[in-house]
Amino acid sequence: MSTKTLSKEAEIRLMNFFNDRIDPQSMAKALRQVNFTLALNVMSEQENIQQETKLRDSFYWLNELAETLNPYLDVE
């Protein structure tokens, strides 16, 4: 896990992205949908251990980003 902060340029690009292109809630929904679809496809095929580890990490981080943009799983 990285503890680096975003550069001002990266912050501006992210703000512009979410202000001009897609709102955070819609982006979180899209991330969850693609994460679900990818997980189903991976489970239906034979993968080697190295690819599964990389994909597992990718699924985790996509979900973490979705939760950061629009907390869904933490809602009681």
Side-chain angles (χ1 to χ4, degrees):
M1 181 175 190
S2 177
T3 58
K4 296 180 182 178
T5 57
L6 291 174
S7 68
K8 279 293 182 192
E9 181 182 343
E11 285 182 33
I12 291 169
R13 285 183 294 184
L14 281 171
M15 287 180 6
N16 288 340
F17 179 78
F18 288 116
N19 287 331
D20 299 338
R21 297 190 182 195
I22 188 170
D23 63 279
Q25 292 79 15
S26 297
M27 183 65 177
K29 182 178 180 179
L31 288 170
R32 288 182 180 105
Q33 288 173 333
V34 75
N35 215 15
F36 177 74
T37 302
L38 287 170
L40 288 178
N41 285 330
V42 168
M43 288 188 295
S44 69
E45 296 180 8
Q46 296 295 325
E47 299 288 334
N48 67 40
I49 299 298
Q50 186 178 28
Q51 288 175 330
E52 286 179 7
T53 301
K54 289 178 184 177
L55 287 171
R56 183 176 35 234
D57 291 345
S58 298
F59 296 145
Y60 173 81
W61 288 115
L62 279 175
N63 189 62
E64 286 295 304
L65 179 56
E67 284 297 299
T68 299
L69 295 172
N70 181 26
Y72 178 79
L73 298 175
D74 292 336
V75 175
E76 295 180 13

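In what follows, residues are counted from 1 in the order of the sequence shown. Both backbone and side-chain heavy atoms feed into the values below; hydrogens, waters and symmetry mates do not.
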ILVMFWY network linking Phe17 to Leu6, side-chain heavy atoms under 4.5 angstrom: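 Both belong to a single hydrophobic cluster.
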
Path from Phe18 to Ile12 over hydrophobic side-chain contacts below 4.5 Å: no

Sequence-distant partners of Phe36, side-chain contact (heavy atoms from CB on, under 4.5 Å), two or more places apart: Leu40

Counterpart residues, side-chain contact (heavy atoms from CB on, under 4.5 Å), relative to Glu64 (two or more places apart):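 Applying side-chain contact (heavy atoms from CB on, under 4.5 Å) to Glu64 gives Tyr60, Trp61.
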
Separation between CG of Asn35 and CG of Leu62, rounded to the nearest 0.5 Å: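 The CG atom of Asn35 sits 4.5 Å away from the CG atom of Leu62.
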
Pairwise distance CE(Met15) to CG(Asp20) - rounded to 0.5 angstrom: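 Going from CE on Met15 over to CG on Asp20, the span is 10.0 Å.
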
Positive for side-chain contact (heavy atoms from CB on, under 4.5 Å) with Glu67, one of Leu69, Asn70, Asn63: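 Result for side-chain contact (heavy atoms from CB on, under 4.5 Å) with Glu67: Asn63.
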
Minimum-distance pair of heavy atoms, taken over all atoms of Ala28 and Ala66: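 So the minimum-distance heavy-atom pair works out to CB-O, 3.5 Å.
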
